[in-house]
Each structure stands twice: as C-alpha cells, then as structure tokens.
Amino acid sequence: MWGQRRDRPPSEGDDKLRERRSTYLIQDPYDLDAIQFIETIELYYGMRPICLYTSAKDRFYGEVEFPILTSDLIETSIDVRLDDLEASITPLTDQYDVCGVVPYREDTIEVAAELCELLGLDWNSAETLLRFRDKYAQKSYVHEVDPSIRVPECRLVASADDLTGRPLPERFVLKPNDGLGNRSIGMFARDDLDAALAHLDLEPGPWILEEFIGGVEYHIDGQVRDAGGVESLAIYEYVRAELNGYPTVYLGELLCLTTHPRFDELASYADRLLTATGLRRCPFHLEVKVDDDGPCVVDLGARFASAGGGRTIRRLNPTRPDAYAIAAHDYLGINSVATAPVDWSAYDRARTVLVYGVSEESGLIATVRGVAAVEAMPEFVSWAVKPNVGDNLEPTTDLRGAPYIAELSCPGDRSDALALMNDVRALVTWNVDAGKRSILTAAIGSTARRGRRKTRWMLRQLSRRTG
C-alpha cells in the first residue's frame, strides 16, 4: 500500500492481518497543517496517528477547535512529559509498529528528533534535526561542510558581556537562537549598544548575533527528497516594513516567476545549502537575502511555510501529487512518489500576491469593512486568514498578529502587484466609528462562539464514553 492511494478506510479484517497496527506519531496536532497530514495519511495509507499532547489545557482547546482529533481517524491520544518522553513511548512499541514521526511545525522538531532516536527510525538523525532548532549550530555546520556557501558571520550571545566583549559589526541583528515566527528580532547599528542590551531582556536567550545583510529578502519553499535531492517549488519576494517599533513586519509577498532574474540563482543556492545540512525526506522553508555579494541565508526551517505554505505549493504545482502527500510519503519511508521533473507552466500563470493586514492596536474587531469588496476583485483568489467580527487584535509584529492574509493573482508587473496590495489594504478596515454597543456585541459573540465549541466538545466526549 506504500505510495498508493487507499480507496477505503481500514477495517477490522485489516487489523487481524498483523499483530501490531502500523501508526505514526504527531505532536500537539491542533493546527491546520497537522489536520491535513492526518487526513492525507489516512487516505493514502489507511493509517491513523497516535497524538502526543504536551499540555492538558492546549489539548482541551485544540480538540474543541478541531473535532477530528476526537474522531475515529485517531488511533489514540496520550499526554506526555517532555522530560521523560521515553517512559511515555516505550509502552506504545509493544502494541504498535511506529513507522514515522510527522513534525509539521517548527516547535515540534526537537521532540521529533528525540522520538526518532528512541524508536530507531530511519528518517533523519537527531543531530541533523536539532540543528534546525539551533541557528548558530546550523550556520556554523554549513560553513564547515562547504565554505563556498555564503552564511552570515555570527556568534552566540548569552549575556551582556558576550555582546560587549568583542567588536561588533557596523550593523547587526539579534534574534533568539531557537526563535520562530519572526519573533523578537532586533536590528542595531554599532553605536546602538544600549538598545541592543535592552533587547536581550526580552527573552532568556541564548541569542544569535549576525552581521546585517542588506538587499532584497526572499523565501524558498520546497521538498528535500531521499539522498538529498532538493526540489524548490515556490520562490517569493518579501515586502516588509518597520511598524509598531518592530523592524521586519510582514506586509506581503510577491511570487517570483521562473523568468525572474534571481530565480535560478536562488534555486541553486537552496540546493547547495540544503544539501550541506544533511536533511532528507522533508519539506523546507528557507529565507534568503540577496545583495551585491549574492544570496545569504537568513533562516531555515525543516517544515512547510506557516499560514498554509503546503496548500499554496499544491495550488502552484497542480500537475504534481499533493504537496502533503509527497511530504507524508517522505516522512514515512523511502518511496518513488513524484520523481518527474517539475512542470512550471501553472506556477508562472498564478502570479500570486499575498497581502498581510497590520494592526496598530489591541482589542477586538467590532466591525469590519471591505471584505466583500476584496472578494469581488477580479484578482481575488482566497483568504488564508479572513478577518471576522470578534477576532482578537494586537499590534502586529509577527505572522501570528496579522488580522488577515489575502491571496490574489496579479497579471501585471511588480509595481502593479504593490499597487494591488495597497488597494486591498485600503479596502479592509475595522472598528471605523465603532461604538460601545458594537464592541460589546463583538465581545459577547466571541465568548458565545467559544462556549458553543466547548459544549460541542463535551457532547462528543460524552457520546464516545457511552458508546
């Protein structure tokens, strides 16, 4: 059944054919990408996951939000202690044949590394995976393996003395060494020492200090196949700005067509960099800056891009098998799925533009305007995140704080795409002349929705217990 689509769900007869049922592990799967993997693996393999939960509170709200997590598509769910993972996993090996781990999100990579080691899984070594959660170790390793690959000069900073004890670059960046989601990034000039020292108080650390790389920033999304074959499947140019006191707020992304003057250069750089990391059979999300000296890595993740990156790859490459199906096959074993060259014709026709909303305040969306007008635009494709009355607002500094993300298709050039982004941003507004009554209504509605979700969850639990 490996590598083939399964046309029926597993039956009791299937279970009797083997002493131990085949399964896989997935951590804290209350996320759209996790749900997509669960559905995809059941479709192709007839295999249900063991869900590992690291927080009882988060598990409760996750199961409320995603009913599939308490359905028959789940083999079983267990609560685990990260400081004694082996004790939780050992009993499972007596009952199940664990075929793999699906680390769909950045903060599940470390647990996946430990699980692979405990279970002796032939996927990636723990050392390879853990470097993807240690920015300094990864960049140092790549430089050691292949010094011809450009990486920024960097060092670890665990204290104020580490920052002041050595000469600083003229401009530099400070970010958490295990950071994710564009979190807690600071950019400083050499004479901004007081501001840099204050930045270290945001998180315990350690931090990575990198030389500032100028130029245009891009991200490259793709899949590393077995034996290190690197497939770049989408390249975007970031549009960022300094807002809310933060230097790298997302405003949007512009798809780089295969005719883009940097396309081949970026794809080649991704190939060399990912090969040097030693990663295999895994999606990747690579952020790169390009200046006069060429491409230089900013960050690298062993996962799909956030906010539906796998779904975007699927739409941009419709002649290939589904991106989640390819990744799932690679997670679970060596296979021959999707070995044909990439057909870029649909990709070049897509001309995708992503527009990110930005909030400068905290609170709730009490009223929202412009949603229907955006949906009526001929360029509109879909909402990756749709703004709704009752949604929480916070000053946007990272991806999680975007009130909306809209996908459009722009037939023009880069200037047309930037103008289209501004049009969307001008149309979508919230809380314009919102009175106390509308704010109260939004708050009540938001509370009521949460209450209804909790009630549905409790009814499902009661139904499962009473058979």
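Just the heavy atoms: all of them, side chains too, but no hydrogens, waters or symmetry mates, feed the values below. Just so it is clear, the model here is predicted, and its values are computed rather than measured.
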- Message: With a 3.5 Å distance limit and no angle check, can you tell me whether Arg155 reaches the backbone of Leu209 through a side-chain donor-acceptor pair?
- Response: no

- Message: One pair to check against side-chain contact (heavy atoms from CB on, under 4.5 Å): Leu156 and Asp162. What are the steps and the verdict?
- Response: CA-CA 8 Å; Leu156 280 179; Asp162 292 334; over 6 Å; no

- Determine, stepwise, if the pair Leu255 / Tyr236 fulfils side-chain contact (heavy atoms from CB on, under 4.5 Å). CA-CA 4 Å; Leu255 186 69; Tyr236 288 86; 3.7 Å; yes

- Task: Return yes if some donor-acceptor pair links the side-chain N/O of Asp348 with the main-chain N/O of Thr258 below 3.5 Å, else return no.
- Result: yes

- Message: Quick one, Tyr45 with Tyr24, criterion ring pair (Phe, Tyr, Trp, His ring centres under 6.0 Å). Give me CA distance, side-chain angles, the key distance, then yes/no.
- Response: CA-CA 11 Å; Tyr45 290 96; Tyr24 63 96; 8.7 Å; no

- Are the side chains of Val290 and Tyr269 in touch, meaning some heavy atoms are under 4.5 Å apart? no

- Message: So, taking the atom named CG in Leu364 and the one named CG in Asn392, what distance separates them when rounded to the nearest 0.5 Å?
- Response: 5.5 Å

- Message: Can you pull out every side chain to side chain donor-acceptor pair (under 3.5 Å) where at least one residue sits in residues 165-180? Sequence neighbours excluded, please.
- Response: Asp134-Asn177

- Query: Heavy atoms, side chains only, cut-off 4.5 Å: are Pro283 and Arg303 in contact?
  - Reply: no

- Message: Tell me which one of Arg311, Glu39, Gln36, His329 satisfies side chain to side chain donor-acceptor pair (under 3.5 Å) with Tyr324.
- Response: Arg311

- Message: Considering only residues two or more places apart or on different chains, which pairs with a residue in residues 357-366 satisfy salt bridge (charged side-chain N to carboxylate O under 4.0 Å, His left out)?
- Response: none

- Query: Does the side chain of Trp344 come within less than 4.5 Å of Leu257's, by heavy atoms?
  - Reply: no

- Query: Charged N to carboxylate O below 4.0 Å: is that the case for Arg59 and Glu63?
  - Reply: yes

- Task: Check whether any side-chain N or O of Asn388 sits under 3.5 Å from a backbone N or O of Asp391 as a donor-acceptor pair, and report yes or no.
- Result: no

- Message: Would you say Asp271 and Thr275 are linked by a side-chain donor-acceptor pair, where the criterion is simply a distance under 3.5 Å?
- Response: yes

- Task: Could you check if a side-chain atom of Tyr218 sits within less than 4.5 angstrom of a side-chain atom of Glu253, using non-hydrogen atoms only?
- Result: no

- Message: Please evaluate residues Thr396 and Tyr356 with respect to the criterion side-chain contact (heavy atoms from CB on, under 4.5 Å), reporting the C-alpha separation (whole Å), side-chain torsions for both, the decisive distance (0.1 Å), and the verdict.
- Response: CA-CA 10 Å; Thr396 306; Tyr356 293 81; over 6 Å; no

- Message: Applying side chain to side chain donor-acceptor pair (under 3.5 Å) as the test, list every pair that has at least one member in residues 201-212; sequence neighbours left out.
- Response: Lys139-Glu210, Arg183-Glu203, Ser184-Glu203

- Task: Answer yes or no: does atom NE2 of His143 have more than 12 heavy-atom neighbours from other residues, nucleotides or ligands under 6.0 Å?
- Result: no

- Neighbour count >12 (heavy atoms, 6.0 Å) for atom CD, Glu106: yes

- Can you list the residues that meet the side chain to side chain contact (heavy atoms under 4.5 Å, CB included) rule with Glu114, with sequence neighbours excluded? Leu85, Leu118

- Message: Is there a side-chain contact between Leu418 and Ser415 in this structure, where contact means two heavy atoms from C-beta onward sitting under 4.5 Å apart?
- Response: no

- Which word best sums up how the rings of His285 and His219 line up, parallel for under 30°, tilted for 30 to 60°, or perpendicular for over 60°? tilted

- Message: Assess the residue pair Leu233 and Asp221 against the criterion (side-chain contact (heavy atoms from CB on, under 4.5 Å)); give the C-alpha distance rounded to whole Å, side-chain angles, the decisive distance to 0.1 Å, and a yes or no.
- Response: CA-CA 6 Å; Leu233 299 171; Asp221 301 319; 5.9 Å; no

- Item | Test log, rule ring pair (Phe, Tyr, Trp, His ring centres under 6.0 Å), inputs Tyr104 and Phe304 | CA-CA 7 Å; Tyr104 64 94; Phe304 284 131; over 10 Å; no

- Indicate whether the side chain of Ser336 and that of Thr339 have a donor and an acceptor atom separated by less than 3.5 Å. no

- Query: Below 4.5 Å, heavy atoms only, C-beta onward: do Lys386 and Val371 meet side chain to side chain?
  - Reply: yes

- Task: Please collect all salt bridge (charged side-chain N to carboxylate O under 4.0 Å, His left out) contacts where either partner lies in residues 404-418, sequence neighbours excluded, each pair once.
- Result: Glu237-Arg414, Arg315-Glu407

- Query: When you look at Asn244 and Thr397, which way does the side chain to side chain donor-acceptor pair (under 3.5 Å) test go after all the steps?
  - Reply: CA-CA 7 Å; Asn244 296 321; Thr397 58; over 6 Å; no

- Would you call Ser232 and Phe284 a side-chain contact if the rule is heavy atoms closer than 4.5 Å? yes

- Do Asp343 and Asn317 meet the criterion of a side-chain donor-acceptor pair at a distance under 3.5 Å? no

- Under 4.5 Å between any side-chain heavy atoms of Leu273 and Val288, yes or no? no

- Query: Residues two or more places apart in sequence or in another chain: which of them pass side-chain hydrogen bond (donor to acceptor under 3.5 Å, both in side chains) with Thr319?
  - Reply: none

